[in-house]
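Contents: one structure, followed by commentary.
Chain identifiers are assigned alphabetically (A, B, ...) following the order of the sequence lines, protein sequences preceding nucleic acid strands; residue numbering begins at 1 within each chain.
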Number of protein chains: 2
Amino acid sequence: MINTYSDQSHLLVAVDCIIFGFDNEELKLLLIKRNFEPEKGNWSLMGGFLQDDETSENAASRVLLKLTGLHDVYLEQIHTFSDPNRDPVERTISITYYALINIEHHNEELSRQHSAEWFSLSEVPPLIFDHGQMVRYAINRLRYKASTQPIGFELLPEKFTMRQLQKLYEAIQGQELDKRNFAKKINQLDVLTKLDEKDMNSSKRGSYLFKFDKEKYEASQNNFWIKI
Amino acid sequence: MINTYSDQSHLLVAVDCIIFGFDNEELKLLLIKRNFEPEKGNWSLMGGFLQDDETSENAASRVLLKLTGLHDVYLEQIHTFSDPNRDPVERTISITYYALINIEHHNEELSRQHSAEWFSLSEVPPLIFDHGQMVRYAINRLRYKASTQPIGFELLPEKFTMRQLQKLYEAIQGQELDKRNFAKKINQLDVLTKLDEKDMNSSKRGSYLFKFDKEKYEASQNNFWIKI
DNA sequence: TCAAAAGTGTTAAGCCTACACCCATGA
DNA sequence: TCATGGGTGTAGGCTTAACACTTTTGA
């Protein structure tokens, strides 16, 4: 039996991660300053080459761990970019993933080492290569996903107020929502547990804290899917 | 400036195509019989290796042309499969695309050369490697796409009856639809032109033929998207 | 006592679903 | 004349969207 497809070209394969975070007001992206030529000093997504023994998802997790110190990050594959000239150094295929992380959990020392910074979606600087396009794909996918599933709990602290959740959805969707309708819809989904605790930071009156209930979520998960 | 990332592993990259067709009754898949070891004689998706000067989309088009003789086929990237052991011969990354083609337009001589055959979705044979998983991803994506956009005209002849279109949607969605509601919905979308011509094959009375109106479609395309 | 955010229901419109009969024609 | 598939409209239920006032409490 043959054991290589030996006459075929072999290419570099990388993963690039679009890392979303939420600061209770805006949706943000974690970008790094590229520290080698070409495009040294310009803003870039965090990425890495696919190693021999790992899947692209493993590679994306590894890259995220390296930059943020976080394990078990929510990841979803978006699209693979393959233009022969997308990387001027050498042809590289890039498999992109988006990640949702809690801004407060990430390791600041590691980000500093990579000259990483958070940018609001409205203030994303020009990015190297086709990374801008990757970000646009990721935002679209995140919006779609958020419109069909109660995603995004990964972006919030464990306990959060209804208003924080609403702000998150507003940030993802890029539009304001009515708070009564929002609460109604979320309650219908029945995936949150209302706690007796209140968060006293945001107002004098305080607002109830909620927790995401994974069990309820998994039990009813099918319902969130669009009808097909 | 460096001009290679020389210490990194280079991998084979392939595209695999999930080719959908419609025979006025059922949604079908075009599969080929693999003609080399391992898994020689087993059913497989049509695929090919990415060449030096082409994008993965170009590669998918090339592969489709080779098998079907068709240019300008509707293609959409689905997912990239990267398990290190997915191909026992040699590690290969596979970027998958689904294609929608009109069964009657494809070149039968070419399919014969590749020992290709159409299979109903309900009778897909076991496939090599992870190709079964690829098919499942493609079906899900096609269903999603069809539920948000008037896709699938690529699967029909240029002129088609409302009933043919309905059968197509039923095949994609895997469920029967009410013909009055279906016609209403399609008419609301306002992307078809009703012709004066009738198709006399399907019934004694005959049924009106329609054409897909690309201009109307593009003019109103945004409306089909789910609200986000 | 005032400012600031939290919490809470109702109504109207639009959309989706279910459902049945007549029409035109070839055999 | 009859069997076959084609074509068409309406009513009820459900979902979504719009909308405002009272509560709490720290300053």
Side-chain angles (χ1 to χ4, degrees), chain A residues 23-25 143 146-150 156-157 159-171 173-190 192-211 220 222-228, chain B residues 24-25 143 146-150 156-157 159-171 173-211 220 222-228:
Chain A
D23 69 355
N24 288 332
E25 283 299 326
R143 284 184 177 165
S147 72
T148 61
Q149 285 186 47
L156 293 170
K159 298 174 183 179
F160 49 87
T161 65
M162 190 60 82
R163 197 47 46 94
Q164 280 176 289
L165 183 60
Q166 183 180 339
K167 288 255 183 195
L168 171 59
Y169 268 77
E170 288 176 341
Q173 301 186 9
Q175 68 179 246
E176 302 209 335
L177 302 170
D178 178 272
K179 64 179 175 174
R180 280 166 294 190
N181 292 337
F182 183 79
K184 211 184 305 170
K185 197 174 230 171
I186 294 293
N187 288 329
Q188 274 171 11
L189 295 179
D190 190 32
L192 297 187
T193 306
K194 188 174 189 170
L195 305 176
D196 280 333
E197 244 170 302
K198 283 193 167 193
D199 168 39
M200 302 309 293
N201 297 319
S202 62
S203 74
K204 294 159 184 167
R205 182 179 174 182
S207 52
Y208 282 106
L209 287 164
F210 292 81
K211 271 172 68 176
S220 57
N222 300 323
N223 305 336
F224 304 126
W225 285 101
I226 51 177
K227 280 171 252 165
I228 39 179
Chain B
N24 289 331
E25 285 297 328
R143 285 185 176 163
S147 73
T148 61
Q149 284 188 49
L156 292 170
K159 299 173 182 178
F160 50 86
T161 65
M162 191 60 82
R163 198 47 47 96
Q164 281 176 287
L165 184 59
Q166 183 180 339
K167 288 252 183 197
L168 170 58
Y169 268 76
E170 289 176 340
Q173 301 187 9
Q175 66 178 251
E176 302 209 335
L177 302 169
D178 178 89
K179 65 180 174 175
R180 281 167 293 191
N181 293 336
F182 182 78
K184 210 183 309 168
K185 198 176 229 171
I186 295 294
N187 289 330
Q188 276 172 9
L189 295 179
D190 190 33
V191 292
L192 298 188
T193 306
K194 187 175 190 169
L195 305 175
D196 282 334
E197 242 170 302
K198 284 193 166 192
D199 168 39
M200 303 306 294
N201 296 319
S202 62
S203 74
K204 295 160 185 168
R205 181 179 174 181
S207 52
Y208 284 107
L209 287 165
F210 292 81
K211 271 171 67 175
S220 57
N222 300 324
N223 306 336
F224 303 127
W225 285 99
I226 51 176
K227 279 170 254 162
I228 39 181

Contacts of [X] that satisfy salt bridge (Lys or Arg N to Asp or Glu O under 4.0 Å) - sequence neighbours left out:
X	answer
B/Glu197	B/Lys159
B/Arg180	B/Asp178
A/Glu25	A/Lys167

By side chain to side chain donor-acceptor pair (under 3.5 Å) - contacts of B/Asn187 (at least two apart): none
task: Sugar-phosphate means primed atoms, P, OP1 and OP2; the rest is base. With that split, encode nucleotides 2-7 of chain D 5' to 3' as B, S or - using protein heavy atoms under 4.0 Å.
output: -B-BBB
Distance check needed: [N] [atom2] versus [X] [atom1], whole Å only.
X	N	atom1	atom2	result
A/Gln166	C/dT8	CD	P	14 Å
A/Lys185	D/dT15	NZ	P	12 Å
A/Phe182	C/dA6	CZ	P	13 Å
B/Leu177	C/dT17	CG	P	9 Å
B/Arg180	C/dT17	CZ	C1'	11 Å
B/Gln188	D/dT8	CD	P	15 Å
B/Asp199	C/dG26	CG	C1'	15 Å
B/Asn181	C/dA20	CG	P	13 Å

query: Hey, does the side chain of A/Glu170 reach the backbone of A/Leu177 with a donor-acceptor pair shorter than 3.5 angstrom?
result: yes
message: Is there, by distance only and without an angle test, a donor paired with an acceptor across the side chain of B/Lys184 and the base of D/dT10 below 3.5 Å?
response: yes
Non-neighbouring partners of B/Ser207 that pass side chain to side chain contact (heavy atoms under 4.5 Å, CB included), sequence neighbours left out: B/Thr161, B/Asp199, B/Ser202
